[in-house]
Protein chains: 2
Amino acid sequence: MNLSSERPSPRRRPSPPRRRRHGAVLEEALLEAAWEELLAVGYAAFTIDAVARRAGTSRPVIYRRWPHRAQLVLATLRAHAPSLRPDDFPDTGALRDDLLAGLRLWRDRSERIGPDVMSGLATELDHLPPDTLDASLGITREIVARAAARGEIGPRPIAAHVLVVPQAVLRHELLVRHHRPSDAELTRLVDDIALPLLRHAAGG
Amino acid sequence: MNLSSERPSPRRRPSPPRRRRHGAVLEEALLEAAWEELLAVGYAAFTIDAVARRAGTSRPVIYRRWPHRAQLVLATLRAHAPSLRPDDFPDTGALRDDLLAGLRLWRDRSERIGPDVMSGLATELDHLPPDTLDASLGITREIVARAAARGEIGPRPIAAHVLVVPQAVLRHELLVRHHRPSDAELTRLVDDIALPLLRHAAGG
DNA sequence: CAACTTTAGATGCATACCGTTTCTTGTGGC
DNA sequence: GCCACAAGAAACGGTATGCATCTAAAGTTG
């Protein structure tokens, strides 16, 4: 189109030439900006534009790396909120305390990330990548295995759909009800729901 | 601004003068259009623009009534997806069947509305209005009361946070996991989770 | 039924974000 | 020091938002 005339050359340079970042350095800066933006405005108001501005760059730089808003957010979470690992959960020596500690840890982590982020992701992605949700399953399994080894509960293996109940209820509370359970509520969750269920499923 | 000249008067009339709707008639037409749009494109792609077009009117007419997209959607849901009422749940004569029927009904209703609508609303509103969620509590309570009257379970009153577990798990499955439980899965939910919990809480 | 009030519906405007393309030029690799 | 790559700037065409302005049609009142 604009083949010939009409554009002398200016392509003006607005301000200081800004040292140009590259590779890992740039990527880190982008994720850092995205993280700050996420914390600042939440998921609903999170825009690629704003991240680019905050990082002092332009949209194409972001689009070259992540195709969607959701992907960028996911990458940001992975960089700044690594999944809880089994050894984050100390063995307290009692099933009840293990469960309680686990749920508390889990709640607090969710708080940092913000329910609306998880909720927004869940809305926009067809499936949340398994590691975002299912790490917790392994942890409950571990906690239960310890209890079984101690003889606190029966030895029967427990089906996944049962193991997952405590987290499902907690997550429901956080993501759907938008409510942060107090310690007292978590205790009731353990005493009235988790323990009866696990005991019943594990036998004896 | 354009005080004097510059606009003879045309303000063209594009097509047939269209009988002009008012008040309740118009409002109903708007909600109807919104409902169709919601079913057609889902929450994420739901726009005020499209609703106005579908209703054969213009955006201001909608904005005069509802300030936000979320509010319009809420009004639409209230108009077109009334909460399930206790008498939608037949008394099958057995707790297990009552629960199963209830969950199935509930799942199917959620399917009509679409997980993405609930999920989107949950993301955009600070709190879902309680009546969107909590009607179901009364229903479980009713089902349990019937069972207690039949002597199927003990007479101890059951705390709300326990009563709510089956729906919480189902809703978690639908809204967070984006998974529609099969009948078989619902059966496991009843047998492995709901019944043990309710029996334990109700005593005997 | 005429005057008046309300408001539906059309239109325009400023703003924002999207996703992409084009272009220049700084930078790191060789 | 040269070259390929990509950062960063800019613009484009699109869609949506929320608001303001104007008209004329409907409903209301005397």
Side-chain angles (χ1 to χ4, degrees), chain A residues 1-31 33-34 37-38 41-73 120 124, chain B residues 1-34 37 41-73 120 124:
Chain A
M1 285 298 152
N2 58 359
L3 288 176
S4 40
S5 52
E6 204 96 277
R7 194 152 317 178
S9 76
R11 225 69 163 161
R12 79 176 185 292
R13 184 172 320 142
S15 29
R18 274 297 263 121
R19 175 116 189 112
R20 192 178 279 188
R21 295 157 299 180
H22 264 266
V25 181
L26 177 56
E27 183 141 340
E28 220 168 291
L30 291 173
L31 290 176
E37 186 68 15
L38 207 50
V41 308
Y43 190 85
F46 181 88
T47 78
I48 304 274
D49 249 343
V51 175
R53 274 197 300 273
R54 191 184 280 268
T57 181
S58 58
R59 271 171 292 132
V61 176
I62 294 177
Y63 280 111
R64 267 174 216 132
R65 289 176 169 75
W66 303 279
H68 301 305
R69 185 172 74 145
Q71 290 300 323
L72 171 55
V73 172
E124 259 177 48
Chain B
M1 288 298 157
N2 57 1
L3 287 176
S4 39
S5 52
E6 204 95 278
R7 193 152 316 179
S9 77
R11 225 66 164 165
R12 80 174 187 292
R13 182 172 322 142
S15 29
R18 271 300 258 119
R19 176 117 189 110
R20 191 177 281 188
R21 296 155 299 181
H22 263 264
V25 181
L26 176 57
E27 182 141 339
E28 220 168 293
L30 291 174
L31 290 177
E32 180 60 31
E37 186 68 15
V41 307
Y43 190 84
F46 180 89
T47 79
I48 303 275
D49 248 343
V51 175
R53 274 197 300 272
R54 191 184 279 269
T57 180
S58 58
R59 273 172 291 130
V61 177
I62 294 177
Y63 279 113
R64 267 176 214 129
R65 289 175 169 74
W66 302 280
H68 301 304
R69 186 172 72 145
Q71 291 299 323
L72 171 56
V73 172
E124 259 177 50

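Model, not experiment: these values are computed from the prediction. Lettering of chains follows the sequences in order, A, B, ..., and the numbering in each one begins at 1.
A 4.5 Å side-chain heavy-atom check between Ile48(A) and Trp66(A) finds every atom pair outside the cut-off. Under the 4.5 Å side-chain criterion, counting only non-hydrogen atoms from C-beta, Val51(A) is not in contact with Leu38(A). Looking only at side-chain heavy atoms (C-beta outward), Val73(B) and His68(B) stay at 4.5 Å or farther from each other.
A donor and an acceptor atom never sit less than 3.5 Å apart when one is taken from the side chain of Arg64(B) and the other from the base of dT7(C).
Residue Arg65(B) contributes atom CZ, which lies 12 Å from atom C1' of dT6(C) at whole-angstrom precision. Atom CZ in Arg20(A) sits roughly 14 Å away from atom C1' in dA4(D) (whole-Å rounding). Between the CD1 atom of Ile62(B) and the P atom of dA16(D) there is a distance of 13 Å, given to the nearest Å. In this entry the distance linking NE2 of His22(A) with C1' of dA7(D) reads 6 Å, nearest Å. The CZ-C1' distance, from Arg21(B) to dT7(C), rounds to 13 Å in whole Å. Rounded to whole Å, the distance from CG on Leu26(A) to P on dT27(C) is 13 Å.
For Glu27(B), the salt bridge (charged side-chain N to carboxylate O under 4.0 Å, His left out) criterion is met by Arg65(B), not counting sequence neighbours. Not counting sequence neighbours, Gln71(B) has no partner by the side chain to side chain donor-acceptor pair (under 3.5 Å) test.
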Heteroatom pairs (N/O) under 3.5 angstrom, protein to nucleotides 15-20 of chain C:
residue, atom, partner, partner atom, Å
dC18(C), OP1, Ile48(A), N, 3.3
dC18(C), OP2, Ile48(A), N, 3.3
dC18(C), OP2, Asp49(A), N, 3.1
dG19(C), OP2, Tyr63(A), OH, 2.6
dG19(C), N7, Arg59(A), NH1, 2.7
dG19(C), O6, Arg59(A), NH1, 2.7

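Listed by first and then second residue, the side-chain hydrogen bond (donor to acceptor under 3.5 Å, both in side chains) pairs that reach into residues 45-54 of chain B are Glu36(B)-Arg54(B), Glu37(B)-Arg54(B), Asp49(B)-Arg59(B), sequence neighbours excluded.
Of the candidate nucleotides dA26(D), dG9(C), dA7(D), dG9(C) has the atom lying nearest to any side-chain atom of Thr57(B).
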